[in-house]
Amino acid sequence: MKTGRGGAEIRKRAGARVGTDLKDLYQEVIIDHNRRPRNFRKMEDATRTADGFNPLCGDQISIYVKLSDNVIEDVAFHGVGCAISKASASLLTTALQGKSREEATALFKQVRAMLTDGPAGSVMPESMGKLAVLSGVWEFPMRIKCATLAWHTLMGALEATGERVTTEEET
Amino acid sequence: MIATASSVHSRKSRAVQDYTDGAGALDMHRVRQAFPIFKEKVYGKPLIYLDSAATSQKPLNVIDAMSRFFLMENANVHRGVHYLSERATEAYEGARSKVQRFLNAGDSHEIVFVRGTTEAINLVAQTYGRAHLRSGDEVLITAMEHHSNIVPWQMLCEQTGASLRVAPMDDAGCLILDEMEKRIGPRTKLVAVTHVSNALGTINPIRRIIDMAHAYNARVLVDGAQAAPHLNIDVRALDCDFYAISGHKMYGPTGIGVLYGKSELLNAMPPYQGGGDMIVSVSFEKSSYAVPPHKFEAGTPNMVGAVGLAAAIDFLSDVGGEALSEHESDVLTYGIRALSRMPMVRLIGAAPERVGVISFVLEDVHPHDIGTILDREGIAIRTGHHCAQPLMKHFGLPATARVSLACYNTREDIDALVEGLTKVQAVFQ
């Protein structure tokens, strides 16, 4: 699990961006996807599904995928969660329509790196299209799991282990 | 032993701090000055701490007492005949006596030091529970319990074949006593109930519940973690069989708590853990156990924790009583009124008898988002399920935002909260 961020680092992050950081987190796109989540429905004819759960805050998300010849024909989500987890799930569904399984896995890795490594990491938000709005979450270590929940759940669905995905088992 | 440390170097009786103003109300300036943490800034803003039900802040006298112990008295207890060991033993056993008076227990042997309320409940489940419960017996808990007063009983039921029953509560967050009474009968061996709800602040009519249980000879464990910082506790007047508290929720340190148990019960219970300090003699054939409380305190105890807890009890007795409860209920009433006036706020729970806890949700804003935005204003609240998922389920909510008060909170803190919530609303407009 990539936690274990020291207090000093948290202070440094906070100190560096006082005043502007809330806007980094709650960007307009995120507020919009929270208010009007895209592809927010239970999919009856999904070929792959997984349930994700963040026991820390009670967020629960189900991801539905219609996979055909290794291509994501359709992807949707349903559940309850905070603005960050809902917007992240909504953005996920818009980013992955029509993508191959390999492309989805690659995108998952990029999103995870952007969220957990921040500006020091290898992923430039500019290269992430709309998903770049999630980059501000990096400054809020307590909220990173909110943003990664849908993505981990997606991987669970694609791998179809049948087990419930929880943010507390991240490695 | 010729002379104990206490007879040679008796501790100076402590100087009582007065926290009241001339008119008998709390002098809030003085109260807040007792808590060094309020000098800290959070994101450049003054700290507004509204999360005391999770853990309270620590007054200077607690911090000083613990540091003094390490600086001047540290040695192991109940062992050495040397000077420091006697000083340490005196401090540790002195803390036990102080807890005894705090709970109004009849005997200091009824006070067992544990890590906290969670360990106290597990201790009762695994000793008293395993010795006395059989298949067909019942344990009764309530719908508003903290996970720590649910899971140990589930484990016990799995081990013994007993079954777990649950007394319901209403939508105000009060136990439905008639329904509770119906669930108590000859099969009921144990009733485990919280004195005060951590998620809603509800004060339960514990004495009545204990009478109901005793009518069927069932034993009662009271989870007092949330009651200890707010209410006067008298275990003899309550006639409870077990009472559990945590130091860190009542201005003391983490890692120390207390299980009170009636002498006759503790005497008859098997030990909890085996080890040093809990024995009279050990041979490879058989060991004989010490009498309570030492029977339940295997290993070197949390001495400095006990010292800190004793200092916290001193603080509570100095600040406490009428003035404290009047102050806390004033801020609570002010808070409930202020939040009720905000159209987007929905209060969860409306118990008429409650301590300073306000649970609420905002229309269309998840509690987690409320928590993050308030945090950047320097305001600390708890968001989530508060380790009471069955209670959350009752209200059909995954989470709430919870404000919890302690002696250092003021009406100004509530004003800041209201302003913060207005900002939350602005972000989500």
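To find a chain, count down the sequence lines: A is the first, B the second, and so on, and within it residues start at 1.
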**Request:** Answer yes or no: are there more than 12 heavy-atom neighbours, outside A/M142 itself, under 6.0 Å from its atom CE?
**Result:** no

**Asked** Are the side chain of A/R35 and the backbone of B/F428 linked by a donor-acceptor contact shorter than 3.5 Å?
**Response** yes

**Message:** For the NE2 atom of B/H368 and the CZ atom of A/F140, what is their distance to the nearest 0.5 Å?
**Reply:** 12.0 Å

**Message:** As an exercise, state the distance from CG of B/D369 to OG of A/S85, rounded to the nearest 0.5 Å.
**Reply:** 8.0 Å

**Prompt:** When you look at CG of B/D364, are more than 12 heavy atoms from neighbouring residues, nucleotides or ligands closer to it than 6.0 Å?
**Reply:** no

**Fill in**
If one checks every heavy atom of A/I84 against chain B at 4.5 Å, the contacting part turns out to be both

**Asked** So, for B/R376 and A/E139, which heavy atoms are closest and what is the spacing to 0.1 Å?
**Response** NH2-O, 3.9 Å

**Message:** With a sphere of 6.0 Å drawn around NZ of A/K109, does it hold more than 12 non-hydrogen atoms of other residues, nucleotides or ligands?
**Reply:** no

**Asked** Should the heavy atoms of other residues, nucleotides or ligands under 6.0 Å from CD of B/E158 be counted, would the total exceed 12?
**Response** no

**Request:** Please say whether more than 12 non-hydrogen atoms of neighbouring residues, nucleotides or ligands are located less than 6.0 Å from CG in A/D69.
**Result:** no

**Request:** Would you please test A/L22 and B/K423 for side chain to side chain contact (heavy atoms under 4.5 Å, CB included) and show each step?
**Result:** CA-CA 11 Å; A/L22 263 185; B/K423 283 190 182 153; over 6 Å; no

**Message:** I'd like to know whether CD of B/Q154 has more than 12 heavy-atom contacts from other residues, nucleotides or ligands below 6.0 angstrom.
**Reply:** yes

**Asked** Do A/I31 and B/Q429 have side-chain heavy atoms sitting under 4.5 Å apart?
**Response** no

